[in-house]
Amino acid sequence: MTTIPATDQKSLLSTLAPGKRTRLRRLLFEFGPGEGTLMLLPIDQGIEHGPRDFFPNPASKDPTYQFRLAAEAGYSALACQIGLAERYYPDYAGQVPLILKLNGKTDIPSSDEALSALNASVEDAVRLGADAVGYTLYVGSPRQDQDLAQLREVRSDCDRYGMPLVIWAYPRGAALDAKGGQSTFYAIDYAARMAMEMGADVVKLNLPKIDPERDKLTPAPYSELEVSQEEAIRQCVESAGRALVVLSGGSKISDEKVLEQTRFVMAAGGSGVIYGRNVWQREWSEALEIIEQIKESLLQNVSRIP
Amino acid sequence: MTTIPATDQKSLLSTLAPGKRTRLRRLLFEFGPGEGTLMLLPIDQGIEHGPRDFFPNPASKDPTYQFRLAAEAGYSALACQIGLAERYYPDYAGQVPLILKLNGKTDIPSSDEALSALNASVEDAVRLGADAVGYTLYVGSPRQDQDLAQLREVRSDCDRYGMPLVIWAYPRGAALDAKGGQSTFYAIDYAARMAMEMGADVVKLNLPKIDPERDKLTPAPYSELEVSQEEAIRQCVESAGRALVVLSGGSKISDEKVLEQTRFVMAAGGSGVIYGRNVWQREWSEALEIIEQIKESLLQNVSRIP
Amino acid sequence: MTTIPATDQKSLLSTLAPGKRTRLRRLLFEFGPGEGTLMLLPIDQGIEHGPRDFFPNPASKDPTYQFRLAAEAGYSALACQIGLAERYYPDYAGQVPLILKLNGKTDIPSSDEALSALNASVEDAVRLGADAVGYTLYVGSPRQDQDLAQLREVRSDCDRYGMPLVIWAYPRGAALDAKGGQSTFYAIDYAARMAMEMGADVVKLNLPKIDPERDKLTPAPYSELEVSQEEAIRQCVESAGRALVVLSGGSKISDEKVLEQTRFVMAAGGSGVIYGRNVWQREWSEALEIIEQIKESLLQNVSRIP
Amino acid sequence: MTTIPATDQKSLLSTLAPGKRTRLRRLLFEFGPGEGTLMLLPIDQGIEHGPRDFFPNPASKDPTYQFRLAAEAGYSALACQIGLAERYYPDYAGQVPLILKLNGKTDIPSSDEALSALNASVEDAVRLGADAVGYTLYVGSPRQDQDLAQLREVRSDCDRYGMPLVIWAYPRGAALDAKGGQSTFYAIDYAARMAMEMGADVVKLNLPKIDPERDKLTPAPYSELEVSQEEAIRQCVESAGRALVVLSGGSKISDEKVLEQTRFVMAAGGSGVIYGRNVWQREWSEALEIIEQIKESLLQNVSRIP
Amino acid sequence: MTTIPATDQKSLLSTLAPGKRTRLRRLLFEFGPGEGTLMLLPIDQGIEHGPRDFFPNPASKDPTYQFRLAAEAGYSALACQIGLAERYYPDYAGQVPLILKLNGKTDIPSSDEALSALNASVEDAVRLGADAVGYTLYVGSPRQDQDLAQLREVRSDCDRYGMPLVIWAYPRGAALDAKGGQSTFYAIDYAARMAMEMGADVVKLNLPKIDPERDKLTPAPYSELEVSQEEAIRQCVESAGRALVVLSGGSKISDEKVLEQTRFVMAAGGSGVIYGRNVWQREWSEALEIIEQIKESLLQNVSRIP
């Protein structure tokens, strides 16, 4: 009897109840690039950062821009808040799956004690024909108890309705800042595991950043490790276990970087990417172009069957 | 395939479920100036500021003054709290639609951590024959989590009962004060988007004020923009997307200003105005006079079909 | 068309639903002095201040003293907490109406952030045969959001069960202290309006006190007004609109003062008084004597039909 | 017509609904010393203070010790938390009545803002065959609003199920410490009244202690009174009105003191005592001895018919 | 009549209702070492500490490692959070019993005010076929009131569904740190009693550590005792009364220590151990080896029939 290599994850779909399996399969195989990948378009920056994110490409201020992009460029799903889902999604129903994001907040107050309040329910998602719900969990926030209480309600309703649960696993808060901040390997790795143990079907992770100064502040053994970013990604994906991982993009970066990190996460056993500003802060034809490249990268680097 | 100009908003009414459509149509077309405009009379200053607002026109202290004004001058609707709705609205039922304001607070404590508590429910609105409900959202307040939790309940009940939701979108709180305060283009723009994404059918906005000193404190790109107030209004209206926008008046200003900003918001694609003190702090005949001018301005500047 | 004088309030009873009308009529016409007046006996000082209020007249410590007084001297109603209502009211059921006070607190902690917690429900009032419920609202307290949330529950149940709602409208809290304190015309005027807009059928007000030093700290125009106490009372009563007003007594004062302020409030359009210590801190026959004088004063100064 | 002497309380039992009367009668007449007295055995020190209270008599650490004592020495009832009730009471069911204590806390954190959280319900008490429930109310704590909200739930369920309510009325918290602390006549007197007005059927009081230094810090007239401890007890019992009073023991004192204060409370119109450490911190035969003396003292000093 | 020796606990099983008895018997007799012992495998370190605990044995990062270990090495049960239970337990259902851990938290924020939020329910445990639930109680935390409110819900549901309740009884928080910290005999002893009185069927305790410096800070008589660790364990087990006790392991220690403390707890009347890192931070064959030794030690030292 020998130990099992940690990356040899069993298929997630095979562990899911029928409702979750049906819906998640739609995202993984019937829409988007397919073959078990996830190419997700998030459009929650209008509340998380405010309209300032729309200035680089004024057309993006009209949610129709992102909805059309998601539908016409062939996304696995689009993720947005209840207001957009109710007013804009009906025009694209059946053309692209919907992930209803259930909580959100402005970035006006400090995030020292971050908490993202629920503004919609799993029942709303069912009513609107969504194929998954999204929940932002601020891992390590001093208000984690309220956060987990909210998530409990969502997770439990997901089990009741067979609705896949996507967790935006974001390390955050003053206590974490004292331990190296929200971008360290330590922080992202912890967030990945936390989301999985709290019941995520899909975990959205930010890119871990290797920064010796910050890493020194993290707990052992992270403070002493010398790993590449690629290796850090691999381990974070492992920490999510059977839950699928999609990599988050963040603010706009170069095309090379976009494609590189896409390869990294897929090679690590991840299932896809969720890039917002890196896509829709571009003019329509440029957006289509980078989407095409991302799609190719996803399909060429599949290393795990969900 | 080309991008869609952001101002070319699709009709809101066409996206609404029957109950909301029926009720909102009443305000837009059957009462008030009509032709898709909204002329709303708010009478919640008695609790938001106290009776001090009634001293300039002592007759206004008796709520009958505003109720009669709304009914006889032909308003699209009157907005008030539960106490007034229960005691004074019955005499005017059917003569002017009612927007039941569901939350409120005094201005006695500091607004550093502003939160406006629910004092009535959407069911109360249904029971009283109201055609919409109003909710004050303090965008950016440190207590936004409690605010959004309350709003979630209201929004969800609005969906259940087909009740239009008007959001008083007010930037507020200590964190915002450090970023230029509640009147900047940044603040109003953010509030407009937030309200729409949280499910508003109609968004009540304050007038953005251009003040270079304050604007410097706002996040980029707002800190670097050089826009006119008119342009700022236009963009705030755009940020509300398919949600309709009504402009708030604030404290009493000159007639010219009143009419100018009415033109601005209508030209920007807004749907109307909600002026209180600027109307009912005038003696009866003077009030009727300015109302007439506002009404004309609304009808002459319609630029969008709700 | 002319403005309506503010004091010419329409009858409250005519606006009430059947349950409220039936019960309130009992207080106004069938018990007590009648003719639309309210003479109420409060016995909640034992918890609001502790037993110290009973020392001037030791007999008053036994609640039987107040219950018998209310029944035998012919009060419109007696107001007390659930414990007294359950143990002492049954002996007087049918002899004097009951106002069940639903919240209360000790005065041991500071009232900087005053909140009076619910300890009974409108259902309790129905079960005990009460004809109204009482609720203390701390207008302007930093915890007004919790206060209003509690009141919402009570007000809504009052609508459901047809139970009249009496609001003890008390300005309170650190923020108010910085604006002149709880006894200014500003504070009482605000409290009167707030209670009415929150759904009170009857508002219990303290006597506004004219004190130039304190008034300077209040917001304009109050800081600049020069009004008599009588005029201030008149305006506070007006601020309560169609809600009936009863004047509170506070600590023991001279008989002349008691009768003077009774005349003031009745002349201002108020409906009566609610004096506790000024009545039951007297020996039995003295108490009966002052009650008789109050009753007369009420009946002689009626200026409004409820 | 003359005033009623305050101590001449009407029978409590005659005011109670059938369920409460049935159960309370069992404690007063069918078990324990009888003749309307209450001899109660509390066993909640293990959580309120921790196991340190069991060291003087190691046998007392096993709850069986107290359960047997209560059953074999003939107690009116035993009071304990849910864990003991579920694991140990079944062996003694029917042999001694049970008071299920519904809230509790450790004494590890400061009691500046004391609150005792509910850990069981009145329904649990019904299920376990208890004849009463116990609730600790921290009179005067800055968190009194949460305390009263909890108590409201308990009191209301007691009314629903006909379950007698025993309130542990404990003055507590930082604000009270500034007014002389938790043992003054002022504090105990206030607590007695508060418990009664909040709906207690039985009030558990600590012994008021006369201490001129501390009494100076209390509000008038307490700060100026010169009363004996015996007189203070008498007045506290009076403040509880028709609610029955049992005196608490506190830490271990001399036998003379135990019996003296037992006489005091009975002479004052109290109904009995609730001594824990003074009883079960003794070896078995010594415990039986003092119990016998307490029982005698109770029966010899009855001064009131419940 | 003589006192009962405190360690002579009556059988717990005989006091349990059928559902609890059926399920707990499965752990005690049908799985694991049997003969009334408990050998439990916890796998909640991934959220309580983060993935850092998996580095000593990378294979342990994949939860399959622990699940297989539990099933193949013959554990009484495995304890984990909802995410692992839903994704990994199905493969081992029927092979090893499941204890669903209902609350948890990260260790990122300070534990000065520790609270572990519920993330799953007893109903989840029923649905997943679990044989017990686990709850972490932070005894002595300043937020004990919220903790006990949560536990009340869990305990009550356990009674409803016949589900055994395992309490992780952890002394914690700033107030406790001032009294010697979380590892003293005082702290563990208090925690044991608290858990039992709050309704635990099984109590998980950490090892008390004798440290004269720290013990000086504890309340009397603990501050003056001179006891061995073995004796301290014995007394802590006694404090849990009829509730069964399992000893927790903590971070990795020597094999000798592991086996010594196992003997101690069994000799003291405990029922078993719950060692995580001490087992699964070892390579597979080494893990099996130590498990075998633990199992033997358990069976050889049984001193109490559950």
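A, B, ... follow the sequence lines: proteins, then strands. Residue 1 opens every chain.
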Open item on the list: Heavy-atom cut-off 4.5 Å, strictly under: side chain, backbone, both or neither for Asp107(A) against chain B?
Closed with: both

Task: Contact origin within Asn119(A) toward chain B - heavy atom pairs under 4.5 Å - done: both

Open item on the list: What part of Ser121(A) gets within 4.5 angstrom of chain B, counting heavy atoms only: side chain, backbone, both, or neither?
Closed with: both

TODO: Using non-hydrogen atoms and a 4.5 Å limit, figure out which bit of Asp159(B) sits close to chain A: side chain, backbone, both or neither.
DONE: side chain

TODO: Specify which of Thr106(A), Leu118(A), Asp44(A) makes the most heavy-atom pairs with chain B at under 4.5 Å.
DONE: Thr106(A)

Task: Chi angles and distances behind the side chain to side chain donor-acceptor pair (under 3.5 Å) call for Thr218(B), Asp215(B) - done: CA-CA 5 Å; Thr218(B) 63; Asp215(B) 289 341; 5.1 Å; no

Task: Salt-bridge criterion met for Asp147(B) and Arg172(B) (N-O under 4.0 Å) - done: no

Open item on the list: Is Ser141(B) close to chain A through its backbone or its side chain, or both, or neither, when contacts mean heavy atoms under 4.5 Å?
Closed with: backbone

Task: Contacting region of Ala187(B) [heavy-atom separation from chain A under 4.5 Å] - done: neither

TODO: Could you tell me which portion of Ala243(B) (side chain, backbone, both or neither) has an atom closer than 4.5 angstrom to a non-hydrogen atom of chain A?
DONE: neither

- [ ] Return yes if a side-chain donor-acceptor contact under 3.5 Å exists between Gln150(A) and Tyr135(A), otherwise no.
- [x] yes

- [ ] Establish, from distance only, whether the side-chain atoms of Glu123(B) and Tyr161(B) form a donor-acceptor pair under 3.5 Å.
- [x] yes

Open item on the list: Please classify the contact between Leu151(B) and chain A as side chain, backbone, both or neither, with a heavy-atom cut-off of under 4.5 Å.
Closed with: neither

Open item on the list: Closer than 4.0 angstrom, basic N to acidic O: yes or no for Glu153(A) and Arg152(B)?
Closed with: yes

Task: Top contributor to chain B contacts, counting heavy-atom pairs under 4.5 Å, from Lys105(A), Gln81(A), Glu113(A), Arg52(A) - done: Arg52(A)

TODO: Report yes or no: does Ser223(B) contribute a side-chain atom to a donor-acceptor pair with the main-chain N or O of Lys216(B) at less than 3.5 Å?
DONE: no

Open item on the list: For Glu48(A), which atoms come within 4.5 Å of any heavy atom of chain B: side chain, backbone, both, or neither?
Closed with: backbone

TODO: Check each atom of Ser156(B) against the heavy atoms of chain A and say whether the ones under 4.5 Å are side chain, backbone, both or neither.
DONE: neither

TODO: Decide yes or no on side chain to side chain contact (heavy atoms under 4.5 Å, CB included) for Ile253(A) and Tyr275(A), but give the supporting numbers first.
DONE: CA-CA 11 Å; Ile253(A) 51 176; Tyr275(A) 297 155; over 6 Å; no

Open item on the list: Between Leu69(A) and chain B, with a heavy-atom cut-off of 4.5 Å, which part of the residue counts as in contact: side chain, backbone, both or neither?
Closed with: neither

Open item on the list: Is a donor from one side chain sitting under 3.5 angstrom from an acceptor on the other, for Thr136(B) and Lys101(B)?
Closed with: yes

- [ ] Identify which of Asp124(A), Leu115(A), Asn103(A) forms the greatest number of heavy-atom pairs closer than 4.5 Å to chain B.
- [x] Asp124(A)

Task: Part of Pro51(A) lying under 4.5 Å from any heavy atom of chain B - done: both

Task: Test item: Pro63(A) and Arg193(B) side chains (from C-beta on) under 4.5 Å apart, heavy atoms - done: yes

TODO: Let me see the working for Asn206(A) and Ser248(A) under side chain to side chain donor-acceptor pair (under 3.5 Å), right down to the final yes or no.
DONE: CA-CA 5 Å; Asn206(A) 286 314; Ser248(A) 180; 3.1 Å; yes

